[in-house]
> 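Structure provided below as structure tokens; questions to follow.
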Amino acid sequence: MFNLAPLMLEKVGIIVIVAFLLSQMRSFRQVIQNKHSPNEKVLLILLFGTFGIISNYTGIEVYHHTIGRPEWLSEINQESALANTRVMGIVIGGLLGGPAVGIGAGLIAGIHRYTLGGFTALSCALSTILAGIVAGYFGKKRKQKGKQISPSFAVSIGMALETVQMLIILVAAKPFNDAWELVQLISLPMIFGNGLGTLLFMLIIQIIKRDEERTRANQTNQAFLIADQTLPFFRQGLNIHSCKEISEIMLKLTDADAVSITSDQQVLAHVGVASDHHIPMSKPETGLTRKVLLDGKIAMAKSKEEISCIHSQCPLEAAIVLPLKVKNKIFGTLKMYYTEPDKLDKVQQELAEGLANLFSTQLELAEAERQTKLLKDAEIKALQAQIHPHFLFNSMNTISALCRTDADKARKLLLELSSFFRGNLQGARQMLIPLEKELANVRAYLSLEQTRFPNKYHIDFQIEPELEKVLIPPFIMQPLVENAIHYGFPRSKSQGRITISIFSKNNYLQIIVADNGKGISDDQLELLGKQVVHSKKGNGTAIFNISERLKGIYNGQASLTLKSKVDHGAIITITIPLDSKGVFDQDVEGLYIG
């Protein structure tokens, strides 16, 4: 027994070395995964069946108490038996591949063992097939429970099935005395030797899976890093500037030697090798790109001929070209080039495919955002057009009456009205205007109103210095003042007071319009600014419009709030972020919409 143990370890070592060498092959790594196609199961059957055959050929012949010399065994004496590692490979195959692999590999190794002969040939063949069936069953059950095939689980199943083999030898092998002597000699070395071999084999499998998981995790992190850095440029759409920035980011973060992006008509960017003839604004140089633009499918090349660059001296020898799509329409291509074909491996291919999907999604989001912005701009224009129509008629009636009684006053009011509507037209072409222009509109409006109702209102301006150039949306103050005049003091005999306060606080611009009028009821206060509110004198359109415009322009960062108590006036506060994009002068150009 003790003489057999070192020899068994030697045979175990052979199988483990073969397994280690195979683990360095990508094809073997791909096959040893959790989910297997029918073709991959056939490969696993052949693989682990071959392990069983190798174990048979390299086994140790045992004749009574005599242990044979290590040699390649093509057949054995009819009175001899074989100590080997056959069950180890079959058990591992069944655990990893399930019943089909276990039975298939067991049949291959078992039948081969039977052809070698010996008085245990039948019992060993039967135990090998049984080991494949049982290992496949336990492997399937383990996976159905969502558990991994751990090394300890594999070792326990392997040693148990090796023990079962010893029992089958005692039952099936004749004569019994020879079988008993054999089992006494080989049982412990084979049980523990195969257990050790199973442990080492499963550790190799575990390392393969961990390496794959680590590779995928690194690949995912790399893809998300690239996506995160390129997102601001994709939001600009596909243009020369954005595509150059995207290509430079990808060149830095991948193993590609050159990165190129095209639209469906021309090259938008090419950075890296071969930039001398892959020039932006030119038509795509390679036949491979034109093919992808035509059929919309991923294309890969491992030679200069497949790339089909029109420049014969082009150093690019491998490429993967991927279509960029928006709603299944081809917008352009993403291309990763390599100067050596070996660089374009499976990892680079999967990374490129993942990035192409991410980039297509980003382009779709950018297009959706652009369409939403256009729609919001159209809505804002429509809302702006609704603000002052009735004011025009009131002003014209007032001026018409003054033309007979005070021509100079009428002339002055016409100039005020002209100034007011000139400001409105300018505001309708811009998303934001300087605060001083909005204040000029408010003062022009008040001049016209105070002519209609002299000495009825007192307006108090409290404006913090140096805020005149701050940009705000047009038409957000005058409607509030108009509401205070018309709805705050109905039939009031005392002079109304309206205070307009403008100041900065905590990096926000605060605009407060307060009056001492009749106030707003709780029912109306709950709804104003959130929806159109119907009443005898109006429907709350102005406040609702302002609230909606603030939401659209500042994406929820600005707010309009109302506070009121019946017979104690109302306070309306508009809060606008001072550090939001578009608030300061340097950003106003990008916010013109007409």
> Please name the pair of heavy atoms, one in S260 and one in V267, separated by the smallest distance, quoted to 0.1 Å.
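Looking at all heavy atoms of both residues, the closest pair is OG-CG1, 4.1 Å.
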> Compile the donor-acceptor pairs under 3.5 Å between side chains in residues 190-197 and protein atoms, sequence neighbours left out, one pair per line.
{"from": "N194", "atom 1": "ND2", "to": "N84", "atom 2": "O", "distance (Å)": "3.4"}
{"from": "N194", "atom 1": "ND2", "to": "E162", "atom 2": "OE1", "distance (Å)": "3.0"}
{"from": "N194", "atom 1": "ND2", "to": "M190", "atom 2": "O", "distance (Å)": "2.7"}

> How long is the gap from CD1 on I246 to OG on S242, to the nearest 0.5 Å?
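Spacing of CD1 (I246) from OG (S242) equals 5.0 Å.
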> I'd like to know if the side chain of R113 and the backbone of G117 have a donor-acceptor N/O pair within less than 3.5 Å.
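Looks like yes, one N/O pair under 3.5 Å.
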> What I want to check is whether the side chains of S80 and E61 have a donor and an acceptor closer together than 3.5 Å.
yes
> Go through the steps for Y338 and L316 under the test side chain to side chain contact (heavy atoms under 4.5 Å, CB included), then give the verdict.
CA-CA 6 Å; Y338 304 85; L316 303 174; over 6 Å; no
> Nearest 0.5 angstrom please: M300 CE to L288 CG, how far?
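Interatomic distance, M300 CE to L288 CG, rounded to 0.5 Å: 10.0 Å.
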> Report yes if the side chains of Y63 and I76 come closer than 4.5 Å at any heavy-atom pair, otherwise no.
no
> Do other residues, nucleotides or ligands put more than 12 heavy atoms under 6.0 Å from K244 NZ?
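Incorrect, the count does not exceed 12.
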> Taking NZ in K302 as the centre, count heavy atoms belonging to other residues, nucleotides or ligands within less than 6.0 Å. Is the count above 12?
yes
> Heavy atoms only: give me the nearest L334-V259 pair and the separation to one decimal.
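Where L334 meets V259 most closely, the heavy atoms are CD1-CG1, 4.2 Å.
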> Hey, does E317 have a side-chain heavy atom less than 4.5 Å from the side chain of S303?
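No - every pair of side-chain heavy atoms lies 4.5 Å or more apart.
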> With a sphere of 6.0 Å drawn around CG of N506, does it hold more than 12 non-hydrogen atoms of other residues, nucleotides or ligands?
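Not buried by this count: 12 neighbours or fewer within 6.0 Å.
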> Quick one, F359 with L322, criterion side chain to side chain contact (heavy atoms under 4.5 Å, CB included). Give me CA distance, side-chain angles, the key distance, then yes/no.
CA-CA 10 Å; F359 290 169; L322 306 109; over 6 Å; no
> Minimum heavy-atom separation for C243 to I261, with atom names?
SG-CG2, 3.7 Å
> So, taking the atom named CD1 in I111 and the one named CG in L116, what distance separates them when rounded to the nearest 0.5 Å?
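One gets 12.5 Å once the value is rounded to the nearest 0.5 Å.
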> May I ask you to test the S150-R142 pair for a side-chain heavy-atom distance under 4.5 Å?
yes
> Please determine whether the number of non-hydrogen atoms from other residues, nucleotides or ligands lying under 6.0 Å from atom CD of Q313 exceeds 12.
no
> Would the distance check show the side chain of N507 and the main-chain N or O of L578 forming a donor-acceptor pair, the cut-off being under 3.5 Å?
no
> Classify the ring geometry between Y337 and H278 as parallel (under 30°), tilted (30 to 60°) or perpendicular (over 60°).
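It falls in the tilted class, 30° to 60°.
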> Which value, rounded to the nearest 0.5 Å, describes the distance between I90 atom CD1 and F48 atom CZ?
9.0 Å
> Can you give me the closest heavy-atom contact between I45 and A105, atom names plus distance?
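Residues I45 and A105, closest heavy atoms: CG2-N, 3.8 Å.
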> For side chain to side chain contact (heavy atoms under 4.5 Å, CB included), just list the numbers for F20 and L200, CA-CA rounded to whole Å, side-chain angles, deciding distance to a tenth of an Å, and then say yes or no.
CA-CA 10 Å; F20 175 77; L200 296 175; over 6 Å; no
> Taking all heavy atoms of L182 and all of A81, pick out the closest pair and write down the distance.
CD2-CB, 3.3 Å
> Is a side-chain donor-acceptor pair under 3.5 Å present for K335 with T262?
no
> Indicate yes or no: at least one non-hydrogen side-chain atom of L268 is less than 4.5 angstrom from one of P280.
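Counting from C-beta outward, L268 and P280 never come under 4.5 Å.
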> Please check this pair: side chain of T85 against backbone of M88, looking for a donor-acceptor N/O pair closer than 3.5 Å.
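No; zero donor-acceptor contacts below 3.5 Å.
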> Do the side chains of I108 and I53 get nearer than 4.5 Å, heavy atoms only?
yes
> Yes or no on side chain to side chain contact (heavy atoms under 4.5 Å, CB included) for L44 and L96, after CA distance, side-chain angles and deciding distance?
CA-CA 9 Å; L44 286 175; L96 293 177; 5.6 Å; no
> Could you check if a side-chain atom of F153 sits within less than 4.5 angstrom of a side-chain atom of L95, using non-hydrogen atoms only?
yes
> Report all side-chain donor-acceptor pairs from residues 166-181 shorter than 3.5 Å, counting only partners two or more places apart or in another chain.
{"from": "W180", "atom 1": "NE1", "to": "Q184", "atom 2": "OE1", "distance (Å)": "3.4"}

> Can any side-chain N or O of K291 pair as donor or acceptor with the backbone N or O of K297 at less than 3.5 Å?
no
> Which heavy atom in V101 sits nearest to a heavy atom in G93, and how many Å separate them?
CG1-O, 3.3 Å
> Is there a donor-acceptor pair closer than 3.5 Å between any side-chain N or O of K304 and the backbone N or O of C314?
yes
> Do the non-hydrogen side-chain atoms of K147 and K143 ever get within less than 4.5 Å of each other?
no
> Any luck finding a side-chain donor-acceptor pair between R290 and S308 under 3.5 Å?
no
> Heavy-atom count around Y114 OH within 6.0 Å, excluding the residue itself: above 12?
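For Y114, atom OH is not crowded (no more than 12 foreign heavy atoms under 6.0 Å).
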> Hey, could you give me the CD1/CE distance between I157 and M202, rounded to the nearest 0.5 Å?
11.5 Å
> Would you kindly say whether Q266 and S263 are connected by a side-chain donor-acceptor distance under 3.5 Å?
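No, no side-chain donor-acceptor pair sits under 3.5 Å.
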> To the nearest 0.5 Å, how far apart are NE2 in H277 and SG in C309?
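That separation rounds to 3.5 Å.
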> Side chains of residues 124-137: which donor-acceptor partners sit under 3.5 Å, not counting sequence neighbours?
{"from": "S127", "atom 1": "OG", "to": "S123", "atom 2": "O", "distance (Å)": "3.1"}
{"from": "S127", "atom 1": "OG", "to": "C124", "atom 2": "O", "distance (Å)": "2.9"}
{"from": "S127", "atom 1": "OG", "to": "Q165", "atom 2": "OE1", "distance (Å)": "3.0"}
{"from": "T128", "atom 1": "OG1", "to": "R86", "atom 2": "NE", "distance (Å)": "2.7"}
{"from": "T128", "atom 1": "OG1", "to": "C124", "atom 2": "O", "distance (Å)": "2.7"}

> Would you mind reporting whether L293 and I330 have side-chain heavy atoms less than 4.5 Å apart?
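The answer is yes, as the side chains (C-beta and beyond) meet within the 4.5 Å cut-off.
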